[in-house]
There are 2 protein chains.
Amino acid sequence: MPLERIVAAAVQIVDEEGAEALSMRTLAQRLGSGTATLYRHFENRAALVAHVVDRMFGGIGIGIGDDELAAMGWRDACRTTVQAMFDAVSRHRNVAPLLVEGIPVGPNAMAVRERCIAALLADGFPPRVAAHTYATLSRFVLGFAIQIRGHHGADRSDGDGEASTAFRAADPSRYPATAAVSDWLPVPLEDEFRFGLELLLDGLGRLREDG
Amino acid sequence: MPLERIVAAAVQIVDEEGAEALSMRTLAQRLGSGTATLYRHFENRAALVAHVVDRMFGGIGIGIGDDELAAMGWRDACRTTVQAMFDAVSRHRNVAPLLVEGIPVGPNAMAVRERCIAALLADGFPPRVAAHTYATLSRFVLGFAIQIRGHHGADRSDGDGEASTAFRAADPSRYPATAAVSDWLPVPLEDEFRFGLELLLDGLGRLREDG
DNA sequence: ACCTGAACACCGTTCAAGT
DNA sequence: ACCTGAACACCGTTCAAGT
């Protein structure tokens, strides 16, 4: 009863039926076993979720070597890493809600962190700033990731559906400024993400010049 | 059976016992009623949660007039607004996990958005950039907010407890860069927040100069 | 030693029955 | 018309009993 097989089945459930469909019962059933058996491998549901999350982080960075990443400079290295994290979550939209549990500390998440921080240090960032930078960038990804909803594709009424209608239904006399920009609200998540990422990178660049 | 009383009781439960303690049953019990009665005021639990979340947004911006905020310029207006949002979540740490449901669209959340976007427009930001800016800033707050855990005070082993021990236990030969900055990981949330906020504001300032 | 059926104490939601 | 007890179909977790 390899642990790997349990996690794979769990990921399969999340990808196919959503995060809320992953219960100890549904998982045990898919494995042809009982719920109690699962507790021999995971202390609780949170531990299982942590493994599922880290498996998603395993899909990041394939095809880019550590040296290659370090050679491209802090700016491109950060951009590539953060964008890859966002893409990974986008590919596994249903896993996103599971990220609320806490800071990912599985081996794959650790590897991603390591590569990004290494690139920053290699470019001369002081350790304290490098730590702050990665923390901020990953928190930024998280803020976007957890609100990625719905199934893949061009479904406009995804999770922002309620928000979208709320913005359009808002009283223009009460919310004139919001109404003035409502054509651009809610911002498509991918665009919004890249916009914010470039802001952060510009801010980092300026911080580096001044320091 | 005023709706206001139900929401107040719900907030009380969340503040006192945590977000996970808020169930239709516990809420009905505190009100001396049955669960079915609640469904006459809220379509489902998500609607109840939305009201609880918006009540937290109601605590933002007391003491600062709209004109006063608009007069301080986009940079200070954004900083004040975003910091106030973060502070509000910090004051109601237990409410934070409820933010994952979606973009807040209650009246209080709308008011905060309106004031911030108005300040941006008043300072000459194009509508599209203003929309992107507020979206990015609020997403940024969200990323931090949902990982604020534990009870108020100086409990160091809060939610980052597992992460903290994981960083220190990490093999330095496998994760040399992470180990090199581990003294600064995990970054205290308040510091990390202000660091990232200034990066975003610097990036925005540069964007404005160039455009 | 390893596994598991059945139970415990919970959920959100609904509906027939009461006032 | 308004309210609600009781039920339905689920949860995570545990433990005594089986092999």
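Proteins come first, then strands; the chains are lettered A, B, ... in the order of their sequence lines, and each starts at number 1.
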- For the pair A:V95 and A:F57, evaluate side-chain contact (heavy atoms from CB on, under 4.5 Å) and give the outcome as yes or no after the intermediate values. CA-CA 11 Å; A:V95 180; A:F57 274 83; over 6 Å; no
Just the rounded figure in Å: distance from [atom2] of [N] to [atom1] of [X].
X: B:L27; N: C:dC11; atom1: CG; atom2: P; answer: 12 Å
X: A:H41; N: D:dT14; atom1: NE2; atom2: P; answer: 17 Å
X: A:R45; N: C:dC11; atom1: CZ; atom2: P; answer: 16 Å
X: B:R25; N: D:dT4; atom1: CZ; atom2: P; answer: 15 Å
X: A:L48; N: D:dT13; atom1: CG; atom2: C1'; answer: 14 Å
X: B:E43; N: C:dT13; atom1: CD; atom2: C1'; answer: 12 Å
X: B:R40; N: C:dG12; atom1: CZ; atom2: C1'; answer: 18 Å
X: B:E20; N: D:dT13; atom1: CD; atom2: P; answer: 13 Å

Can you tell which of [options] lies closest to the side chain of [X]?
X: A:S23; options: D:dT14, D:dC11, D:dT4; answer: D:dC11
X: B:T35; options: D:dT4, C:dT13, D:dT14; answer: C:dT13
X: B:S33; options: C:dG12, C:dT4, D:dT4; answer: D:dT4
X: A:T37; options: C:dC11, C:dT13, C:dC3; answer: C:dC3

For this session: Would you kindly compare A:M24 and A:A36 by the position of their nearest DNA chain D nucleotide and give the one closer to the 5′ end?
Result: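 The residue closer to the strand's 5' end, by nearest nucleotide, is A:M24.
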With a 4.0 Å cut-off, would you call [X] and [Y] a salt bridge?
X: B:E68; Y: B:R115; result: no
X: A:R30; Y: A:E17; result: yes
X: A:R79; Y: A:E198; result: yes

Donor-acceptor pairs are to be reported for all side-chain atoms of residues 41-51 of chain A against protein atoms at under 3.5 Å, with residues two or more places apart or in another chain.
| residue | atom | partner | partner atom | Å |
| --- | --- | --- | --- | --- |
| A:H41 | NE2 | A:M1 | O | 3.3 |
| A:N44 | OD1 | A:A46 | N | 3.3 |
| A:N44 | OD1 | A:A47 | N | 3.1 |
| A:R45 | NE | A:L22 | O | 3.4 |
| A:R45 | NH2 | A:L22 | O | 2.9 |

Over 12 foreign heavy atoms within 6.0 Å of CD, A:E190: yes
For the CG atom on B:D67, are there more than 12 heavy atoms of other groups (residues, nucleotides or ligands in this structure) within a distance under 6.0 Å? no
(message) Tell me whether A:T81 contacts the main-chain N or O of A:A77 through its side chain, where contact means a donor paired with an acceptor under 3.5 Å.
(response) yes
Per side chain to side chain contact (heavy atoms under 4.5 Å, CB included), B:W74 is matched among B:L201, B:L121, B:T133 by B:L201
Please write out the pairs of protein N or O atoms and N or O atoms of nucleotides 16-19 of chain D separated by less than 3.5 Å, giving the distance to one decimal.
none

Taking Watson-Crick and G-U wobble contacts under 3.5 angstrom, with | marking pairs to another strand and [ ] crossing pairs, the secondary structure of DNA chain C is written ||.|||||...|||||.||
